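What's counted below: heavy atoms across the whole structure, side chains too, no hydrogens, waters or symmetry copies. None of these values were measured; they are calculated from a predicted model.
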Amino acid sequence: MPDPTDTDSTSDRPVIRAVPHPGALDPRGITITCPKCDATRDWLLLNVRAQVFVRCRCTAEWHEPDLTPTDFDEHFTVPEREWDNFDDAMTGLGFDGLLAGAVWNLT
């Protein structure tokens, strides 16, 4: 992931935007699967400048070239919370590995 500490003073956009996405993602018509734990839903989408990353509850994280900042903007609203650093944000959002393998009943 690009270094989020590099600031972009020409933009009012936060350096990293994070949005939980509880459902499946299938930008190519094929469901995205975590390469580490085989999860198929319950993601955290991270927009870092012009790239979008997917983070799993198991802490696996990867750049997803089929997701764009435009796709991200469709799900992004006004930030609900700000954190002082990346680790605190991941813990606060439950993507620090603590809930890895948890089974959620979404019905």
Side-chain angles (χ1 to χ4, degrees):
M1 177 169 19
D3 184 355
T5 60
D6 291 340
T7 58
D8 181 0
S9 60
T10 62
S11 173
D12 290 334
R13 246 186 185 170
V15 175
I16 297 176
R17 298 184 301 160
V19 172
H21 184 84
L25 288 169
D26 59 352
R28 300 171 301 247
I30 300 170
T31 302
I32 292 174
T33 302
C34 175
K36 185 175 176 183
C37 73
D38 293 326
T40 58
R41 63 179 185 199
D42 199 17
W43 310 111
L44 184 65
L45 304 180
L46 300 164
N47 177 213
V48 181
R49 294 188 177 77
Q51 297 177 319
V52 175
F53 294 80
V54 176
R55 185 174 176 105
C56 182
R57 295 251 182 218
C58 75
T59 71
E61 185 176 296
W62 63 93
H63 172 242
E64 183 55 58
D66 292 321
L67 295 174
T68 67
T70 302
D71 297 323
F72 191 93
D73 288 338
E74 292 176 8
H75 301 285
F76 184 70
T77 59
V78 177
E80 296 176 10
R81 173 102 194 261
E82 293 183 10
W83 287 270
D84 291 331
N85 61 61
F86 185 78
D87 290 336
D88 288 349
M90 294 304 101
T91 299
L93 291 167
F95 283 85
D96 60 345
L98 179 66
L99 299 175
V103 177
W104 304 101
N105 184 358
L106 300 176
T107 58

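- With values rounded to the nearest 0.5 angstrom, L46 atom CG is found 11.0 Å from L67 atom CG.
- Between L45 and V54 the shortest side-chain heavy-atom distance falls below 4.5 Å.
- Side-chain atoms of W43 and C56, non-hydrogen and from C-beta on, do get closer than 4.5 Å to each other.
- To the nearest 0.5 angstrom, R57 atom CZ is 8.0 Å from L44 atom CG.
- The shortest side-chain heavy-atom distance between T59 and M90 does not fall under the 4.5 Å cut-off.
- Looking at W62 and I32, their side chains come closer than 4.5 Å, going by heavy atoms from C-beta outward.
- When all heavy atoms of V52 and N47 are compared, the pair lying nearest together is CG2-ND2, 4.2 Å.
- To the nearest 0.5 angstrom, D96 atom CG is 8.0 Å from R55 atom CZ.
- Atom SG in C34 sits 14.0 Å away from atom CZ in R41 (nearest 0.5 Å).
- Rounded to the nearest 0.5 angstrom, D42 CG and L25 CG are separated by 10.5 Å.
- Among all heavy-atom pairs drawn from T40 and T33, the shortest one is CG2-OG1, 3.8 Å.
- K36 and A60 make their closest contact through CB-CB, 3.8 Å (heavy atoms, listed as atom of the first residue, atom of the second, distance).
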